[in-house]
Student: 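This is the structure I have questions about; it appears just below.
In each ligand, atom 1 is the first atom listed, and ligand 1 is the first ligand listed.
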Amino acid sequence: MLHVNAVSKTFLGGQPVHALREVSLQVAAGETVALVGPSGSGKTTLLRLIACHLTPDSGDLTVDGQRVPRPSTAAGAAFRRRMVGVLLQDLGLIEMDTALANVMLPLRLAGVGRRDAARRAHLQLQKRGLDHRSDAPVNTLSGGQRQRVALARALACEPPLVLADEPTSNLDADQASQAVSDLLAQAREHRAVLIATHDPEVWTRCDRVLHLDDGRITPHG
Ligand SMILES: Nc1ncnc2c1ncn2[C@@H]1O[C@H](COP(=O)(O)OP(=O)(O)OP(=O)(O)O)[C@@H](O)[C@H]1O
Ligand SMILES: [Mg+2]
């Protein structure tokens with residue numbers, strides 16, 4: 001489902017930072033993979049490249065047979081809408097809008113009609129025990145509830161690939177466990193799931209763990 005082939009990324013401006021050095025990896029449909037490594041090792045950079053937020057300096061990435069396009073193109077926008085569901089560390093919710101409106105947004109952008117989008121968004125919230133809060137503005141929700149809204153939004157379009165960056169960092173143990181279960185359940189629906197994490201509760205539950213160190217994939221351990 002996901003192929004990353006010899007991808008490198010250097011950030012310029014001042015001292016160059018070699019964030020990724022010829023990274024290669026694959027994630028199959030139905031597989032959950034954890035990406036672990038020290039702070040600054042390149043985890044978020046790798047997720048942003050796969051999510052079509054950044055362009056690699058070299059190497060190539062494909063998702064479900066489609067090459068990841070350049071971010072600032074129409075193809076890039078279409079790719080982000082259809083191919084990947086992304087759960088970022090800062091959740092990126094629209095604070096003044098309701099939970100339902102936030103989850104409907106990607107569906108509407110994908111061309112789903114208002115009534116159908118509302119139905120599907122409601123279902124996503126319901127699955128996460130949030131149907132009673134669907135009309136609440138996001139800025140009135142608790143941290144764990146906001147996190148669940150963000151997950152509902154990431155999964156609303158049923159993308160073949162799900163990416164999550166430190167999905168449990170702001171959650172208590174119960175919420176974290178639920179969030180991980182929710183993410184891992186995506187693999188049962190034949191999606192590929194890649195999660196950057198420092199949390200053993202997360203990586204011990206994934207099928208496979210990849211270690212990133214100073215921009216390189218290193219052998220396990
Ligand atoms: N936009 C940017 N401009 C310059 N340097 C950057 C940029 N984004 C990331 N970096 C640098 O690239 C390296 C990798 O950063 P990245 O965010 O991918 O690390 P990470 O593994 O996600 O770390 P953490 O566990 O702290 O989230 C770091 O040294 C970081 O400072
Ligand atoms: Mg990071």
Student: Take the Mg ion (ligand 2) as the centre and count protein N, O or S atoms at distances under 2.8 Å.
Tutor: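 Excluding waters, the total comes to 1.
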Student: Going by the salt bridge (Lys or Arg N to Asp or Glu O under 4.0 Å) test, which pairs reach into residues 120-133, not counting sequence neighbours?
Tutor: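 Qualifying pairs, neighbours excluded: Arg128-Asp182.
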Student: Identify all side-chain donor-acceptor contacts of residues 107-114 below 3.5 Å with residues at least two apart in sequence or on another chain.
Tutor:
residue	atom	partner	partner atom	Å
Arg108	NH1	Val112	O	3.0

Student: OG1 of Thr62 to CE of Met1: how many Å apart, nearest 0.5 Å?
Tutor: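 Here the interatomic distance stands at 10.5 Å.
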Student: How far is atom 2 (C) of ligand 1 from the closest protein heavy atom, and which atom is that?
Tutor: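 Among all protein heavy atoms, the one nearest atom 2 (C) of ligand 1 is Phe11 CD2, 3.5 Å.
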Student: Say you draw a straight line from OG1 of Thr168 to CD of Gln178; how long is it, rounded to the nearest 0.5 Å?
Tutor: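 Rounded to the nearest 0.5 Å, the OG1-CD separation comes to 13.0 Å.
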Student: When rounded to the nearest 0.5 angstrom, what is the spacing between CD1 in Ile50 and CG in Leu194?
Tutor: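 These two atoms lie 5.0 Å from each other.
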Student: Just distances here: any N/O of Gly37 and N/O of ligand 1 closer than 3.5 Å?
Tutor: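 No: no nitrogen or oxygen of Gly37 is under 3.5 Å from one in ligand 1.
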Student: Give the contacting part of Ala196 toward ligand 1: side chain, backbone, both or neither, where contact means a heavy-atom distance below 4.0 Å.
Tutor: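 Answer for Ala196: neither.
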Student: Any protein heavy atom at under 4.0 Å, with atom 25 (O) of ligand 1 as the reference point?
Tutor: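 Answer yes: something from the protein, a heavy atom, is under 4.0 Å.
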Student: Could you list the atoms of ligand 1 found under 4.0 angstrom from a heavy atom of Pro38?
Tutor: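 So the answer, numbered in order with elements, is 21 (O).
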Student: What is the distance from atom CG of Leu87 to atom CD of Glu166, rounded to the nearest 0.5 Å?
Tutor: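 Rounded to the nearest 0.5 Å, the CG-CD separation comes to 11.0 Å.
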Student: Sequence neighbours left out, what pairs pass side chain to side chain donor-acceptor pair (under 3.5 Å) with at least one residue falling in residues 91-103?
Tutor: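 Every side chain to side chain donor-acceptor pair (under 3.5 Å) pair that includes a residue of residues 91-103, provided the two are not neighbours, is Glu95-Arg146.
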Student: Give the atoms of ligand 1, by number and element, whose distance to some non-hydrogen atom of Thr44 is under 4.0 Å.
Tutor: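 Those atoms are 17 (O), 18 (O), 20 (P), 22 (O), 27 (O).
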Student: Could you say whether the N/O atoms of Ser41 and ligand 1 ever approach to under 3.5 Å?
Tutor: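 Checking ligand 1 against Ser41, an N or O pair does fall under 3.5 Å apart.
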Student: For atom 16 (P) of ligand 1, what is the closest protein heavy atom, and at what distance to 0.1 Å?
Tutor: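 For atom 16 (P) of ligand 1, the nearest protein heavy atom is Thr45 OG1, 3.6 Å.
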Student: Just to confirm my output: which protein heavy-atom neighbour is closest to atom 30 (C) of ligand 1, and how far is it?
Tutor: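 Of the protein heavy atoms, Val17 CG1, 4.6 Å lies nearest.
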Student: Return the CG to CG distance between Asp207 and Leu184, rounded to the nearest 0.5 Å.
Tutor: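 Rounded to the nearest 0.5 Å, the CG-CG separation comes to 8.0 Å.
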Student: Which atoms of ligand 1 have any heavy atom of His198 under 4.0 Å away?
Tutor: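 Reading through ligand 1 atom by atom, the close ones are 25 (O).
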Student: Rounded to the nearest 0.5 Å, what separation is found between the CZ atom of Arg48 and the CG atom of Leu88?
Tutor: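 So the CZ of Arg48 and the CG of Leu88 are separated by 8.5 Å.
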Student: Is there a donor-acceptor contact under 3.5 Å from the side chain of Glu201 to the main chain of Ser177?
Tutor: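 Side chain of Glu201 to backbone of Ser177, a donor-acceptor pair under 3.5 Å: no, none is there.
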Student: Any protein heavy atom lying closer than 4.0 Å to atom 9 (C) of ligand 1?
Tutor: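 When distances to the protein are checked, atom 9 (C) of ligand 1 has a heavy atom within 4.0 Å.
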Student: Apply the test side-chain contact (heavy atoms from CB on, under 4.5 Å) to residues Thr32 and Ile195: give CA-CA distance (whole Å), side-chain angles for both, the deciding distance (0.1 Å), then the verdict.
Tutor: CA-CA 8 Å; Thr32 57; Ile195 311 175; 5.8 Å; no
Student: To check your reading of the model: name the closest protein heavy atom to atom 23 (O) of ligand 1, its residue, and the distance in Å.
Tutor: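 I find the closest protein heavy atom is Gly40 N, 2.8 Å.
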Student: Can you tell me if Asp213 and Ser41 form a side-chain donor-acceptor pair at under 3.5 Å?
Tutor: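 The criterion, which ignores hydrogens and geometry beyond distance, is not satisfied for Ser41 and Asp213.
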